[in-house]
Amino acid sequence: MTAGEVESLAEKRQSYDAEFREGAVRIVTETGKTITQVAADLGIKETTLGSWVARVRRAGGDGTLGELEREELVRLRRESVENRKRIKEVEMERDVFKRAMALWVK
């Protein structure tokens, strides 16, 4: 295979976003349709969809976030926002104390 052929294959490679992949896997797992049927309906290669489904099955899931995982994700994001606010507040307090020490030492 020449370098030009490799480049043309790379250009033909299609990429799909996570939402599309998750939806395709859900169709297979929830409707009972075969991978071949779903791939044909969506206009994607059967091997591509098969690898997505296999990856999800190996991970032990159905391709979607469960309710508990979703709640945990929301909780962690909220906690992260709160922590960032607290860090900013502590940094401001530190700066005030630095200035106060500089004035007191003089």
Side-chain angles (χ1 to χ4, degrees):
M1 195 176 264
T2 66
E5 291 172 330
V6 171
E7 286 179 20
S8 68
L9 287 176
E11 290 173 3
K12 291 179 183 178
R13 177 178 242 167
Q14 179 71 34
S15 64
Y16 302 97
D17 64 353
E19 186 176 336
F20 179 83
R21 290 191 305 264
E22 181 180 317
V25 170
R26 286 183 65 197
I27 292 171
V28 171
T29 58
E30 292 177 5
T31 65
K33 288 185 176 180
T34 65
I35 291 173
T36 305
Q37 290 172 323
V38 174
D41 291 345
L42 296 175
I44 61 176
K45 292 184 178 181
E46 181 180 339
T47 54
T48 302
L49 180 57
S51 68
W52 297 343
V53 171
R55 189 177 313 140
V56 168
R57 287 180 177 158
R58 276 193 309 268
D62 62 356
T64 62
L65 287 176
E67 190 62 32
L68 293 176
E69 290 92 353
R70 190 172 287 113
E71 288 174 8
E72 179 71 6
L73 185 59
V74 168
R75 184 188 65 78
L76 289 172
R77 285 182 178 159
R78 189 179 327 114
E79 209 172 274
S80 177
V81 168
E82 291 170 3
N83 286 339
R84 284 191 204 116
K85 287 179 183 178
R86 180 70 183 136
I87 288 170
K88 280 189 171 255
E89 185 180 315
V90 168
E91 287 173 345
M92 287 174 29
E93 290 173 0
R94 179 202 60 202
D95 292 342
V96 168
F97 286 128
K98 277 184 179 179
R99 289 185 193 119
M101 276 305 279
L103 292 174
W104 185 69
V105 170
K106 288 184 182 182

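Here the OG1 atom belonging to Thr48 is positioned 6.0 Å from the OH atom belonging to Tyr16, to the nearest 0.5 angstrom. Interatomic distance, NZ of Lys85 versus CD1 of Ile87, reported as 13.0 Å (0.5 Å rounding). Atom CG of residue Asn83 and atom NZ of residue Lys88 lie 14.0 Å apart, to the nearest 0.5 angstrom. From Leu42, atom CG reaches atom CZ of Arg21 across 13.5 Å, with rounding to the nearest 0.5 Å.
When side chains are defined from C-beta on, Thr31 does not count as touching Gln37, because their heavy atoms never get closer than 4.5 Å. By the 4.5 Å heavy-atom criterion applied to side chains, Trp52 and Val28 are not counted as neighbours.
Using a 4.0 Å cut-off between charged side-chain N and carboxylate O, Glu79 and Arg75 make a salt bridge. Ion pairing between Arg86 and Glu89 holds under the 4.0 Å rule for side-chain N and carboxylate O.
Of all heavy-atom pairs spanning Glu46 and Ile35, the tightest one is O-CG2, 3.7 Å. The two residues Leu49 and Ala24 have their closest heavy-atom pair at CD1-CB, 3.7 Å.
Heavy-atom neighbours of Arg94 CZ from other residues, nucleotides or ligands within 6.0 Å: above the threshold of 12.
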